[in-house]
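Working notes, structure below.
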Amino acid sequence: MVFDFLERYFDREPGSISFPIDCSDLKPYHLMVYHQLTRLPFGKTMTYQDLAVILKTSPRAIGQILKLNPFPIVFPCHRIVSKSGLGGFSAGREWKVGLLRHEGCL
DNA sequence: GTTATAGGGAATT
DNA sequence: AATTCCCTATAAC
């Protein structure tokens, strides 16, 4: 379940999501974004704009959607950074920094 | 309708 | 390197 996933994550032994997630009340836009997130492996990052280009939208809209992420860490929105610097984070930038350092991205 | 954003870019200082 | 201004798409109101 979720805790196994998180335990593996914090032990740096990444794995795919092995438990069901209820996406029934997510809109199509959100699914697109979160789906892209699941394709981003541990230790890699992308910019808001990269996602925006892929999904034919604007970087700002990506931010809007990421901040609504219902499952942070399992949908790794912390791996999306600003082009010049670190972006924002719903749980506070401290968390984002911590997570990225844990993944060796800083 | 309008406003606020987890952004980007160009122009200016 | 920092400020200012304008662009954008989406959510919330």
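Chain A is the first sequence line, chain B the second, and so forth, proteins listed ahead of strands; every chain is numbered from 1.
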Original post:
Pairs counted as Watson-Crick or G-U wobble with both distances under 3.5 Å: what dot-bracket string results for DNA chain B, using | for bases tied to another strand?
Top reply: |||||.|||||||
Original post:
Does the side chain of A:Glu13 come within less than 4.5 Å of A:Glu7's, by heavy atoms?
Top reply: no
Original post:
Base, backbone or nothing for each nucleotide of nucleotides 8-13 of chain C, written B, S, -, heavy atoms under 4.0 angstrom, 5' to 3'?
Top reply: BBBSS-
Original post:
Between A:His102 (side chain) and A:Phe10 (backbone), is there a donor-acceptor pair under 3.5 Å?
Top reply: yes
Original post:
Out of A:Leu40, A:Thr45, A:Thr47, which residue meets the side chain to side chain contact (heavy atoms under 4.5 Å, CB included) rule with A:Ile80?
Top reply: A:Leu40
Original post:
Is the shortest side-chain N/O distance from A:Ser82 to OP1 or OP2 of B:dA6 below 4.0 Å?
Top reply: no
Original post:
Applying the side-chain hydrogen bond (donor to acceptor under 3.5 Å, both in side chains) test to A:Glu103, which of A:Lys44, A:Arg79, A:Arg12 qualifies?
Top reply: A:Arg79
Subject >> Close side-chain approach of A:Asp4 to A:Phe19, heavy-atom, < 4.5 Å >> reply: no
Original post:
Going by the angle between their ring planes, with limits at 30° and 60°, are A:Phe75 and A:Tyr34 parallel, tilted or perpendicular?
Top reply: parallel
Original post:
Side chains of A:Tyr29 and A:Gln64: is there a donor and an acceptor less than 3.5 Å apart?
Top reply: no
**OP:** Among A:Leu55, A:Ile62, A:Leu31, find the residue that satisfies the side chain to side chain contact (heavy atoms under 4.5 Å, CB included) test when tested with A:Gln36.
**Re:** A:Leu55
